[in-house]
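Chain letters run A, B, ... following the sequence lines, proteins first, then strands; residues in each count from 1. Hydrogens, waters and symmetry mates play no part in the numbers below; they use all other heavy atoms, side chains included.
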Amino acid sequence: MQSSKKTSAAGRLVYGVIGIPALAVGGYLIFAWRDAIAPIEPPTSAGFDVRAVQRGAQLAALGACATCHTAPGGPTLAGGRAVITPFGVIYSTNISPDPDTGIGRWSQAAFVRAMREGVDREGQHLYPAFPYDHFTLVSDADDAALYAFLMTRQPISSAPPPNRLPFPLNQRLVLAAWKLLFFRKGPYATDPAHDAQWNRGAYLANGLGHCGACHTPRNQFGAERTAEHFNGADAEGWHAYAINSRSEARVPWDKDALHAYLRDGWHTLHGDAHGPMAPVARNLASLADSDLRAISTYVAWVMGNPVSVHANGSVHRTASADASAHREAAVPAASTAHDSDGAAIYESTCASCHDGARALPFGGIRLSLSTAVTGESPTNLINVVLEGIDPPEGAAGAIMPGFAGALSDSQMASLMAYVRASFAAGPPWLNVPARVREARGRDHD
Amino acid sequence: MAAIMIELEVNGRICAIDADPDTPLLYVLREDLQLNAAKFGCGLGQCGSCTVLVNGAATLSCVTPIRLLEGRRITTLEGLGTADRPGPLQRAFIEEQAAQCGYCIAGMMMRAQALLLRNSHPSEAQIRAQLEPNLCRCGTHMRILRAVRRAASLIQADDAAHTIPTQSSDPPASQQTTADVPGPPAEEELLRQPVHPEHRKRPDR
């Protein structure tokens, strides 16, 4: 009796230990599984409407497809660029219409599913390094135009290197759980409280534009914290500034300034787009002006223009932004801790451009106007001083030589301390030498 | 501003310079030290013709005041070898005849040297990325690229022949036909060995 009781108890335990997890695993597999969409014969370019291709080209620029899906120096859209995440390295895929290594055999339905749900043609979940949490908002019509554009590009045979991710993150089924927790499927729903231009801007900025991918902080699972939309975050070794009411811009942005900045890549009162923002501005230059205006209108609305609350608590209002900025720029903030080494370095190395008479983009910005100087994070200033600013290819734009070779770590620290004390109202930056060393060890390309 | 004596280490020699500390290094090299390889191009740090090495890193000497450089190792093209005993990079540029007007070449070579110091097996993409900041108006780019590739081969062959301990992490050099190339001069080894550790850690661009 005793022993048979034991057996049945043990049997129940076995069922419990094996059966319940088995059921859970089976349930999860059913939940996470996505079917493949049948491959198609690669369509010919002639089958696509030219106007759709042209519209797709603009949309692809807005989405910066080629920025991520092109390896440094590699063929356009053939993938292979390393995206370095806190979880490991993910290589962008080949989205040229090559039938074997690209998306040549993807139907439009497969493409729309990838954009809307983050699932590839074969049914594999995609890593959110591909920002489908934004691209899900894209309309079917715009996805069709993007598809027409991509499928009419030059097919390139090139397979990206395998991702470098630890177990269990290298198991794509895990991503179904991530999506359950953090992903809300689109497309974009019009907000009736706002007009058409605002809605167009929100659709473009939060959808294809995926501004939040850099400008919104992420949680420990790599998902954007939606409650902190546009609060600013560290991304790709740079600090993406807050672009909401927490904006640290010395002169608050307005929609006209945003429009000019996004079109030209620089603005007299805000400096130029550098780091990962440089290709964004270059891409946006080809966008229809009405769309650029819509994005600027929406982002200016998010920023709560015309009032800008600074990190240090001070509030700036723009009555006449230009006039007040020039006045403020002429008189650097009173400095309490002038570093004499830093002052000498600034005078001999920086002043000829940054205190000179030449206007932007060929002269340097007054540092009192630069968010890189006035903002909370020294990251961008360190990066720019070390690496300089590359001019845009084939267009007029800012250029600055890098001083990584010229300035030692201690000279960098002195210069940073002087610049911060002289041109910004905020507290001194901490740990600058360590941050300089970290920046030197990073690849900014 | 009053001139102060500043000591600069240029190509392994300590030089006492009597000049305003705000003077750009380029002027001191050309006017005080008669080291005329580095050229004045734009004077704004935008063309690269003034490039020299500071602690092994490519540095634009026209926008670098000498006040920054005390205690640092400055290397100009003259430091890579002589006309009689050219270093591997110089041999490569001569063998490829990689100069048209030649104005950019010293800067190109020094920026290439900065790459070869930290990576004697650069990929084509790494060479191109490294040289991107330097301008050439003659269109000699393809020869310059060939010369840098050749220099890498020469250095790899030298490494294989000498097995310098600091380069032991590099993969073995591929077979090169260097039998007709004279052995490297003694000063070249001196120049190539003391790579600043901070610089060695930097990943390639």
Side-chain angles (χ1 to χ4, degrees), chain A residues 70-75 80-82 84 237 340-354 356 358 361-364 385-391 393 396-412 414-415 433 436-445, chain B residues 1 4 20-26 41-48 50-75 110-111 114 117 123-135 196-205:
Chain A
T70 303
R81 173 172 167 172
I84 295 154
S340 63
D341 279 355
I345 295 169
Y346 178 84
E347 287 304 326
S348 62
T349 314
C350 318
S352 64
C353 284
H354 287 283
R358 260 174 303 165
F362 304 115
V385 173
L386 289 177
E387 301 296 323
I389 294 169
D390 292 332
E393 230 162 275
I399 179 171
M400 172 176 151
F403 292 89
L407 291 165
S408 69
D409 289 357
S410 65
Q411 288 165 344
M412 276 292 288
S414 300
L415 178 61
V436 169
R437 280 193 296 276
E438 192 193 334
R440 282 191 199 272
R442 211 185 289 126
D443 183 0
H444 292 300
D445 279 354
Chain B
M1 201 179 287
I4 311 161
D20 184 334
D22 289 345
T23 310
L25 172 64
L26 178 66
C42 64
L44 296 166
Q46 298 184 4
C47 76
C50 67
T51 307
V52 300
L53 300 187
V54 174
N55 284 12
T59 301
L60 300 161
S61 64
C62 78
V63 291
T64 303
I66 55 172
R67 71 162 65 247
L68 300 177
L69 299 173
E70 271 191 296
R72 319 271 289 283
R73 289 179 294 104
I74 299 158
T75 310
M110 295 318 286
R111 193 171 292 278
L117 279 173
S123 67
E124 181 68 17
Q126 285 169 329
I127 296 173
R128 284 171 181 253
Q130 175 75 9
L131 295 181
E132 203 180 357
N134 287 39
L135 304 181
H196 196 270
E198 167 194 285
H199 189 223
R200 229 173 212 295
K201 271 184 288 173
R202 284 207 67 194
D204 297 315
R205 284 160 65 89

Self-check item: Under 4.5 Å from any heavy atom of chain B - which part of Ser352(A)
Solution: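 No part of Ser352(A) comes within 4.5 Å of chain B.
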Rounded to the nearest 0.5 Å, what's the gap from [atom1] on [X] to [atom2] on [Y]? Could you check?
| X | Y | atom1 | atom2 | value |
| --- | --- | --- | --- | --- |
| Ile399(A) | Cys42(B) | CD1 | SG | 7.5 Å |
| Leu407(A) | Thr64(B) | CG | OG1 | 8.0 Å |
| Thr59(B) | Phe403(A) | OG1 | CZ | 10.0 Å |
| Leu44(B) | Cys353(A) | CG | SG | 6.5 Å |

Quiz prompt | Heavy-atom closest pair, residues Gln411(A) and Leu68(B) | solution =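 So the two residues come closest at NE2-O, 2.8 Å.
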Quiz prompt | Closest contact, heavy atoms only, Pro401(A) versus Leu60(B) | solution =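 Closest heavy-atom pair between Pro401(A) and Leu60(B): CB-CD1, 3.5 Å.
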Quiz item: Arg67(B) side chain to Ser348(A) main-chain N or O, any donor-acceptor pair under 3.5 Å?
Solution: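 Here the side-chain-to-backbone pair does not exist.
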Exercise. Among the options Leu25(B), Val54(B), Val63(B), pick out the one with the most heavy-atom pairs lying under 4.5 Å from chain A.
Key: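 Top option by heavy-atom pairs under 4.5 Å: Val63(B).
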